[in-house]
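Sequence lines set the chain letters: A, B, ... in the order given, protein chains first and strands last, and positions in each chain run from 1.
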Protein chains: 2
Amino acid sequence: METETAPQWLTDEEQCAWRTHVEVNRMLTYQLEKDLQPFNLTMNDYDILVHLSESDELRMRMSDLAAATLQSKSRLSHQITRMENAGLVRRENCESDRRGLYTVLTEDGMETMRRVAPHHVASVRRHFVDLVSPEALSELHKALTPIAEHLRSQRGKP
Amino acid sequence: METETAPQWLTDEEQCAWRTHVEVNRMLTYQLEKDLQPFNLTMNDYDILVHLSESDELRMRMSDLAAATLQSKSRLSHQITRMENAGLVRRENCESDRRGLYTVLTEDGMETMRRVAPHHVASVRRHFVDLVSPEALSELHKALTPIAEHLRSQRGKP
DNA sequence: CCCCGTTCGTTCACCTTTCAACTTCTTAGG
DNA sequence: CCTAAGAAGTTGAAAGGTGAACGAACGGGG
C-alpha cells in the first residue's frame with residue numbers, strides 16, 4: 001500500500017515570503033540582542049523582566065513564567081539563577097503551595113527595567129516598527145494572528 | 001546639557017503586532033525544530049543542507065556558508081564537524097586559496113535532503129503558509145521586505 | 001486518612017554556542 | 001622580494017541549553 005503522496009512544494013511567492021520571514025527573524029534577533037548587550041542583558045533576561053514588571057506584586061511562579069516565556073522549566077531555573085546572581089530578581093517561597101517558588105523583581109531589577117526599556121523600544125522601532133507604514137503593520141498583524149492561534153493550540157502536542 | 005528625550009513608547013496596535021511577531025517566531029521555530037527531530041536534524045543542519053544543495057557543484061566555502069546562514073565562523077566550524085561525523089558533508093581543500101576549505105554535500109547528505117525535504121515543506125505549510133490566504137501572505141511579504149532590506153544593510157555595523 | 005498519580009522546581013550529564021587565541025596563507029606597499 | 005596587515009578556519013575553555021531523573025509536596029478516590 002502506497003502512503004506517499006507527491007509533496008506540495010511551495011510556489012515561488014510562498015517560498016519567497018517564507019524565506020524573508022525566516023531571514024527577518026534571524027537578523028532581527030541578532031540586532032535586538034546586540035542593542036541590549038551594552039546593558040549586559042539578553043533578550044531572554046529582558047523578556048523575563050517585562051513579564052515580572054507587568055505582573056501583580058512584581059512576582060510570578062516559576063511554572064507560569066516558564067509558560068509565559070516559552071521556555072522549559074530547566075532552562076528557566078538556570079536563567080533565574082543567573083539573574084539572581086546579577087541581583088535582578090530573587091526567589092521567594094510560596095506559602096500556598098510549598099513546592100512552589102516565586103521569582104520576584106528586585107528594586108535593582110525594576111531600576112534596570114526603567115533604564116533599559118526606552119533603549120529597547122527605540123531599538124524595536126528602528127529595526128522594525130518604524131520601517132513600515134501603520135497599514136502594513138496592521139496587515140502583518142492580521143496575517144500573523146491565525147498563525148499565532150494555530151501555534152498556541154499546538155503547544156506540547158504529540 | 002540634556003541628551004535624553006521622552007521615549008517613543010509603542011502604541012497599543014504596534015505593541016500588539018510586535019508581540020505577535022515575536023511570539024510566532026518562537027513558537028514556529030519550536031514546531032519546525034520538533035518536526036525535524038525524527039530525522040535527527042536541526043533547522044541549522046537543514047539550512048546548511050539546503051544551501052549546499054542549491055549551490056554550484058554542491059559545495060560552498062566555509063566563509064560564504066557562514067555568511068549565508070548567518071552564523072559565526074566558529075559556530076559553523078563546529079557545526080560542520082558534527083555534520084561531517086554524521087556523514088552528511090565532507091571538507092575539501094580549496095585549490096585557489098590554500099587557507100580555504102569547501103564544505104561538500106555527500107551523496108548521503110543529498111539522499112537525506114531528498115528524504116526530509118517533503119516533510120519539512122509540509123511542516124512549513126501546516127504551521128505557516130497554509131494558515132493564511134495568498135493575499136495575506138503577499139501582504140506579509142510586502143511588509144517584511146523593507147525590514148529585511150534594512151537589516152541586511154546593518155549586518156556587522158558598530 | 002492514606003495511597004498513588006501528578007505537579008513543582010532543581011540537578012546531572014551531555015550537547016551546543018560563544019569568545020578569544022592561534023596557525024596558515026594571501027596580498028598590498030615599500 | 002620582503003614584510004606587515006589581515007583574512008580563512010580551527011581550537012579549547014567557559015557559558016548556556018536540553019532532557020531525563022529526582023525529591024518534595026499536593027490532592028482526589030478508596
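- If you check residues 47-59 of chain A against DNA chain D, you find no residue with a heavy atom closer than 4.0 Å.
- For the residue pair B:D45 and B:N40, the shortest heavy atom distance occurs at OD2-O, 4.3 Å.
- Between B:T81 and A:S96, the residue anchored closer to the 5' end of DNA chain D is B:T81, taking for each the nucleotide with the nearest heavy atom.
- A donor-acceptor pair shorter than 3.5 Å cannot be found between the side chains of A:H51 and A:D64.
- Rounded to whole Å, the distance from CE on A:M83 to P on D:dA15 is 18 Å.
- For B:R98, taking side-chain heavy atoms from C-beta onward, the closest of the listed nucleotides C:dT26, D:dG9, C:dT11 is C:dT26.
- Residues passing the side chain to side chain donor-acceptor pair (under 3.5 Å) test with B:Q8, sequence neighbours excluded: none.
- For B:R61, a side-chain nitrogen or oxygen approaches OP1 or OP2 of D:dG9 to under 4.0 Å.
- For the 3.5 Å distance criterion, the side chains of A:R75 and A:Q79 fail to qualify, holding no donor opposite an acceptor.
- Of the side-chain N and O atoms in A:K73, one or more sit less than 4.0 angstrom from OP1 or OP2 of C:dC8.
- For A:R99 against D:dA24, a side-chain-to-base donor-acceptor contact under 3.5 Å is absent.
- Not one side-chain nitrogen or oxygen of B:R91 sits closer than 4.0 Å to the OP1 or OP2 atom of D:dG9.
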Check your understanding: Which parts of nucleotides 14-22 of chain C does protein reach within less than 4.0 Å, heavy atoms only, written one letter per nucleotide 5' to 3' as B for base, S for sugar-phosphate only and - for none?
Key -> --SBBBB--
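- In this structure, the CD atom of A:E92 is 14 Å from the P atom of C:dG9, given to the nearest Å.
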